[in-house]
S.K.: 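Got a structure for you, written out below as structure tokens; questions coming shortly.
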Amino acid sequence: MPRVRLALLLALLTGSLHASLNEVLYARQLLNHITPARVVRFELADDSGDSPPPVYSLVFDFDHILWAYLPAGGSVPLGPLDDSARFTPELIARRLGDADTRIRNVVVYDNDVSRLRLLPRALDNGCFLGCILELVNQLESGESIQEAGIVFLTGNQPPPGAPVPASRLFAHQGHALLVYRTAHYWVGYDPNASGQSIDLSAIYLGAAADPLLLRHAARLNYPANRARYLPVSADVLTHLGNDTLWLRRLERRDTEALIF
């Protein structure tokens with residue numbers, strides 16, 4: 001499978017390329033030092049005979065699950081990742097093909113982000129990424145987080161026997177909220193309402209959704225017919241609080257040193 005350095009890809013950015021590439025590259029920059037991630041380019045086969053435009057995605061590993069972020073649909077789970085050493089172009093291409101059988105000509109770019117210095121931008125459907133970043137920011141600020149997880153709010157489920165959608169990648173994935181517990185209380189964070197914390201009573205796997213969380217969802221017109229809770233494992237919390245923060249501070253120090 002062909003692979004090129006991401007730094008070279010950045011140099012090729014022009015207005016003629018798909019607008020989502022800018023968002024995907026910025027998402028890659030945001031996840032630097034947090035989790036393994038790869039920028040991916042692919043095409044969607046159709047029956048028109050025309051050359052399909054490229055589609056860009058960021059495929060990343062978070063808490064032993066492979067995810068794909070696409071600005072058009074959000075972040076979609078691509079299945080478990082038992083061994084980080086298996087995070088290979090072949091695995092990425094296979095998982096993408098399982099999610100959408102129309103995918104062709106997958107290119108996985110190398111992981112060089114040393115020259116990525118993109119200006120901040122809004123990410124379409126980037127709420128899950130925003131939850132991950134806020135968790136790291138809270139740890140970096142010194143917050144003692146005992147537990148954390150992501151609450152996914154979605155609309156109605158399709159009725160039994162309904163045909164399976166042709167693609168899981170481009171269907172809107174609903175909305176994601178971060179929840180975490182300090183030594184004394186639970187807090188919710190909404191990436192779409194940054195700075196506005198949500199006081200919660202408790203979040204537990206298999207329990208009914210916190211009514212304060214549902215009230216927040218109703219106030220902002222989020223789909224909330226179904227709420228799923230994905231807990232962040234203890235080993236990932238430890239990794240984010242140690243290795244990730246150390247690397248971020250090291251990069252900040254090296255970047256600031258260039259000024260002098």
Side-chain angles (χ1 to χ4, degrees), residues 27 30-31 33-35 37 58 60-69 71 73-78 80-81 120 122-157 171-245 248:
L30 291 175
L31 290 185
H33 300 319
I34 294 177
T35 187
L58 185 70
F60 60 96
D61 167 21
F62 184 72
D63 209 349
H64 314 298
I65 297 175
L66 201 63
W67 298 82
Y69 164 67
S75 297
V76 186
L78 298 179
L81 189 66
L123 295 179
D124 289 338
N125 298 308
C127 51
F128 180 51
L129 299 176
C131 291
I132 297 173
L133 292 168
E134 177 62 15
L135 179 58
V136 175
N137 290 337
Q138 288 295 325
L139 291 167
E140 190 168 25
S141 70
E143 186 69 76
S144 177
I145 295 179
Q146 312 296 314
E147 298 178 63
I150 312 294
V151 173
F152 294 93
L153 301 174
T154 54
N156 289 319
Q157 292 294 99
H172 184 65
Q173 301 302 315
H175 190 57
L177 304 167
L178 170 69
V179 296
Y180 58 90
R181 183 175 67 85
T182 65
H184 304 290
Y185 49 82
W186 280 89
V187 179
Y189 169 80
D190 182 353
N192 284 1
S194 56
Q196 176 187 353
S197 62
I198 311 165
D199 293 330
L200 303 173
S201 55
I203 299 288
Y204 296 109
L205 189 64
D210 191 300
L212 294 174
L213 195 67
L214 295 180
R215 193 178 306 163
H216 173 83
R219 187 168 63 249
L220 296 180
N221 295 318
Y222 295 147
N225 301 89
R226 186 184 182 205
R228 295 172 294 156
Y229 177 55
L230 176 68
V232 177
S233 65
D235 65 313
V236 168
L237 274 179
T238 300
H239 164 69
L240 294 178
N242 294 331
D243 300 346
T244 295
L245 297 186
R248 288 180 74 175

S.K.: Flag the pair D190 / H175 as yes when at least one side-chain heavy-atom distance between them is below 4.5 Å, and no otherwise.
M.R.: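 Side-chain contact under 4.5 Å: yes.
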
S.K.: Taking the side chain as everything from C-beta on, heavy atoms only, tell me whether L58 gets closer than 4.5 Å to L31.
M.R.: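 L58 vs L31: side chains touch.
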
S.K.: Distance check, rounded to the nearest 0.5 Å: L153 atom CG versus H216 atom NE2?
M.R.: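 One gets 8.5 Å once the value is rounded to the nearest 0.5 Å.
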
S.K.: Looking at side-chain heavy atoms only, is the closest gap between L237 and L135 below 4.5 Å?
M.R.: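 L237 vs L135: side chains touch.
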
S.K.: Return the minimal non-hydrogen interatomic distance between C131 and L178, and the atom names on each side.
M.R.: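 The answer is SG-N, 3.3 Å.
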
S.K.: Specify the closest pair of heavy atoms between G73 and N125, including all atoms of both residues, with the distance to one decimal.
M.R.: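 Distance-wise, the nearest heavy atoms are N-ND2, 3.9 Å.
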
S.K.: Mind checking the CG-CH2 spacing from D199 to W186? Nearest 0.5 Å is all I need.
M.R.: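 So the gap between those two atoms works out to 13.5 Å.
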
S.K.: Could you check if a side-chain atom of Y222 sits within less than 4.5 angstrom of a side-chain atom of N192, using non-hydrogen atoms only?
M.R.: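 Yes, side chains in contact.
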
S.K.: Considering all heavy atoms of both residues, which atom of F60 and which atom of A37 are nearest to each other, and what is their separation?
M.R.: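 Minimum heavy-atom separation between F60 and A37: CB-CB, 3.7 Å.
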
S.K.: Which atom names give the shortest non-hydrogen contact between S197 and V187, and what distance separates them?
M.R.: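 That closest heavy-atom pairing would be CB-CG1, 3.9 Å.
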
S.K.: Do the rings of F128 and F62 sit parallel, tilted or perpendicular, given the 30° and 60° boundaries?
M.R.: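 Perpendicular.
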
S.K.: How about L30 and L123: do any of their side-chain heavy atoms sit closer than 4.5 Å?
M.R.: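 Counting from C-beta outward, L30 and L123 do come under 4.5 Å.
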
S.K.: Calculate, to the nearest 0.5 Å, the distance between atoms OG1 and CD belonging to T182 and E147 respectively.
M.R.: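 Between T182 OG1 and E147 CD, I get 11.0 Å after rounding to 0.5 Å.
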
S.K.: Can you give me the closest heavy-atom contact between G130 and Y189, atom names plus distance?
M.R.: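 Of all heavy-atom pairs spanning G130 and Y189, the closest is O-CE2, 4.0 Å.
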
S.K.: To the nearest 0.5 Å, how far apart are CD in E143 and CD in Q138?
M.R.: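 Atom-to-atom, E143:CD and Q138:CD are 5.5 Å apart.
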
S.K.: Closest heavy-atom contact between D63 and V232?
M.R.: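 Of all heavy-atom pairs spanning D63 and V232, the closest is OD2-CA, 3.3 Å.
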
S.K.: With heavy-atom distances below 4.5 Å as the criterion, would you say the side chains of L230 and I65 are in contact?
M.R.: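 They are in side-chain contact.
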
S.K.: Between H64 and D235, is any pair of side-chain heavy atoms under 4.5 Å apart?
M.R.: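 H64 vs D235: side chains touch.
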
